[in-house]
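Heads up, the thing below is written out as structure tokens.
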Protein chains: 4
Amino acid sequence: MSEFRIEITTGSRTPIYRQIVDQVRLAAATGALPAGYAMPSVRILAEELLVNANTIVKAYAELVREGVLESHQGKGFFVAAKRQVYSRAERTRRLQQALDSFIHQVAFLDFSADEICKAVAERLQDLHAQLDSVRARA
Amino acid sequence: MSEFRIEITTGSRTPIYRQIVDQVRLAAATGALPAGYAMPSVRILAEELLVNANTIVKAYAELVREGVLESHQGKGFFVAAKRQVYSRAERTRRLQQALDSFIHQVAFLDFSADEICKAVAERLQDLHAQLDSVRARA
Amino acid sequence: MSEFRIEITTGSRTPIYRQIVDQVRLAAATGALPAGYAMPSVRILAEELLVNANTIVKAYAELVREGVLESHQGKGFFVAAKRQVYSRAERTRRLQQALDSFIHQVAFLDFSADEICKAVAERLQDLHAQLDSVRARA
Amino acid sequence: MSEFRIEITTGSRTPIYRQIVDQVRLAAATGALPAGYAMPSVRILAEELLVNANTIVKAYAELVREGVLESHQGKGFFVAAKRQVYSRAERTRRLQQALDSFIHQVAFLDFSADEICKAVAERLQDLHAQLDSVRARA
DNA sequence: GTGGTCTAGACCACG
DNA sequence: GTGGTCTAGACCACC
């Protein structure tokens with residue numbers, strides 16, 4: 001029984017394989033997926049998410065390339081031991097970059113700064129609550 | 001009086017026409033491009049940016065559809081007076097979509113929710129400061 | 001179960017891509033095209049209608065922007081669930097614009113206001129009847 | 001002093017010259033512009049409407065071609081004596097055609113039939129009131 | 001297989 | 001001069 005759930009948003013502008021990569025990378029970085037954790041097989045995950053198996057293959061391949069996962073021939077994919085660590089500068093750079101894109105998309109929608117901040121805070125709270133619940137069960 | 005310049009980076013994963021749309025839309029939203037401003041003609045801008053004219057046409061057409069620009073036959077494109085094109089539901093939908101993408105990019109960077117919220121608030125403040133300064137000059 | 005066919009008249013003063021947009025939009029609004037319906041692929045439709053594929057791309061893209069269709073990468077275009085994309089103000093603006101054009105075409109025909117109103121009412125009734133019949137079959 | 005005013009909607013999808021043609025044809029057909037009436041000169045009208053003189057030239061030329069106006073060399077343009085008369089069938093055909101286009105544009109805007117009928121009735125009333133006031137002054 | 005973007009160039013309509 | 005449409009064909013990304 002796996003307590004970690006990937007959720008994909010169909011019809012989003014970001015392709016499915018990238019959503020998977022992002023979420024697994026995230027979960028590994030935050031510890032939701034501990035080192036050595038056995039990822040669901042390509043087949044199983046494809047069925048679960050109702051997507052093409054090739055999409056999963058592509059996502060796992062990219063995660064291996066990034067060092068997030070390790071492929072053990074014939075056994076499957078496992079979360080790598082050595083976690084990716086970013087320097088403070090790199091992390092800040094990435095945050096600012098994501099912010100740029102976010103602001104660009106949202107600025108013209110005529111929401112007040114308060115509304116936007118509130119929405120961001122809400123989402124972050126949801127996310128952390130979800131992660132905590134996964135950790136508690138683990 | 002500051003000239004408005006569009007800058008594109010070819011080879012980016014965001015298509016050229018979208019880079020143009022985003023920049024013009026933002027500039028119009030903040031008032032950097034005032035209503036009535038005559039945009040550079042399709043052919044001129046295409047030459048300036050070293051892209052095909054059809055790419056500019058596509059970008060301008062999308063901006064017209066969003067109510068940011070107006071097309072006057074034989075005269076060119078002009079910045080439109082601000083109006084609310086999208087329904088509240090649609091705007092919320094778009095905010096949530098942008099949020100999705102932002103959160104997924106940012107969550108695994110190990111910033112606290114407070115830090116992220118603060119960064120967002122700061123950026124929004126910058127944006128509104130810019131808007132106010134444009135208004136003051138008018 | 002009635003097949004849905006798009007019919008275009010080349011050489012009309014309304015461009016091909018707009019003829020497609022109008023027909024699909026109306027069919028979706030009346031329920032003739034149910035939500036989830038898989039539209040013919042760009043290439044197939046281009047072949048059927050004997051027009052360039054880019055013309056279809058343009059039409060479908062516009063329908064996506066209006067919320068009528070959804071694009072699923074690698075799978076095709078599907079009729080979207082109905083939602084309110086435009087603000088009340090925008091919808092009113094569009095109604096007034098259509099009215100302008102209609103009135104100018106019709107006023108000089110020397111029909112009385114009553115006759116014209118009656119004709120409009122009749123057509124609208126036909127439309128709603130069609131909508132109801134589609135719902136009833138569902 | 002001319003009591004007949006052409007009003008153009010800039011930014012409409014229908015070109016300016018066509019708006020002029022439609023309105024003059026209409027006014028001539030309803031009698032608002034009596035036979036023999038001297039149209040404003042190309043220059044004057046261009047100034048009044050704030051459009052290019054060539055646009056007026058084009059509109060007048062089309063009206064002459066249709067038999068609505070007559071050009072008297074060196075004196076200007078005059079409303080033709082023999083008014084265009086359509087057969088009942090032709091008038092009905094044109095009404096239905098205009099209706100088609102109107103319904104197409106409006107159907108997906110989610111206005112109730114009542115709202116639309118009311119809007120149409122209102123516009124027709126405005127138009128007739130305007131025509132009556134012009135006639136009264138003549 | 002699907003859609004998405006971009007280029008190049010033609011032709012038309014509008015002002 | 002301006003924008004608007006359409007064609008033809010290339011190349012890419014996604015599934």
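By convention in this document, chain letters (A, B, ...) are assigned in the order of the sequence lines, proteins followed by strands, and residues within each chain are numbered from 1. Note that the coordinates shown come from a computational prediction; the quantities given were computed from them, not determined experimentally. All values below come from the heavy atoms of this structure, side chains included, with hydrogens, waters and symmetry mates left out.
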*Do you know which of A:V24, A:V57, A:V21 makes side-chain contact (heavy atoms from CB on, under 4.5 Å) with A:E62?*
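Single side-chain contact (heavy atoms from CB on, under 4.5 Å) partner of A:E62 among A:V24, A:V57, A:V21: A:V21.
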*Going by an N to O cut-off under 4.0 Å, is there a salt bridge joining A:R94 and A:E90?*
yes
_Candidate nucleotides F:dG3, E:dT2, E:dG3, ranked by approach to the side chain of B:Q73 - the nearest_ =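 Output: F:dG3.
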Rounding to an integer number of Å, can you tell me how far [X] [atom1] sits from [N] [atom2]?
X	N	atom1	atom2	result
B:E70	F:dG3	CD	C1'	15 Å
B:L69	F:dG3	CG	C1'	13 Å
C:F77	E:dT2	CZ	C1'	9 Å
A:I8	F:dC15	CD1	C1'	11 Å
B:L45	F:dT2	CG	C1'	14 Å
B:L50	E:dC6	CG	P	14 Å
D:R43	E:dG15	CZ	C1'	18 Å
B:R65	F:dG4	CZ	P	10 Å

*Checking side chain to side chain contact (heavy atoms under 4.5 Å, CB included) for the pair A:R123/B:F102: CA distance, chi angles, key distance, verdict?*
CA-CA 10 Å; A:R123 272 297 179 87; B:F102 176 65; over 6 Å; no
Atom [atom1] of [X] and atom [atom2] of [Y]: how far apart are they, to the nearest 0.5 Å?
X	Y	atom1	atom2	result
A:R43	A:L45	CZ	CG	13.5 Å
C:F78	C:Y37	CZ	OH	11.5 Å
D:I6	D:I16	CD1	CD1	12.0 Å
A:I20	A:T55	CD1	OG1	6.5 Å
C:Y86	C:R93	OH	CZ	10.0 Å

_Go nucleotide by nucleotide along DNA chain F from the 5' end; which of C:H72 and B:M39 gets its closest nucleotide reached first?_
B:M39
*Name every residue in residues 9-19 of chain C that has at least one heavy atom under 4.0 Å from any atom of DNA chain F, in order of residue number, or write none if there are no such residues.*
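Result for residues 9-19 of chain C: C:P15, C:I16, C:Y17, sorted by number.
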*May I ask you to list the residues of residues 51-64 of chain D, by number, that have any heavy atom positioned under 4.0 Å from an atom of DNA chain F?*
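Heavy-atom cutoff 4.0 Å gives no residues at all.
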*Cut-off 3.5 Å, side chains only: do B:Q96 and B:T92 have a donor facing an acceptor?*
no
*Going by atom types only, do A:S101 and A:Q105 share a side-chain donor-acceptor pair under 3.5 Å?*
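Yes, because at least one side-chain N or O of A:S101 sits under 3.5 Å from a partner of the opposite role on A:Q105.
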*Backbone N or O of C:A89 within a donor-acceptor pair of the B:Q84 side chain at under 3.5 Å?*
no
*asked:* Just to be sure I follow the notation: if a pair is Watson-Crick (purine N1 to pyrimidine N3 plus N6-O4 or O6-N4) or a G-U wobble (N1-O2 and O6-N3), each under 3.5 Å, what dot-bracket string does DNA chain E give, with | for pairs to another strand?
replied: ||||||||||||||.
_If you assign C:V42 and B:K75 each to the DNA chain E nucleotide with the nearest heavy atom, which residue ends up on the more 5' nucleotide?_
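The 5'-side residue here is C:V42.
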_Distance below 4.0 Å between B:S41 side-chain N/O and F:dT2 OP1 or OP2_ =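 Looking at the OP1 and OP2 atoms of F:dT2, one of them is under 4.0 Å from a side-chain N or O of B:S41.
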*Could you tell me which non-hydrogen atom of A:A98 sits nearest to which non-hydrogen atom of B:V106, and how far apart they are?*
CB-CG2, 3.7 Å
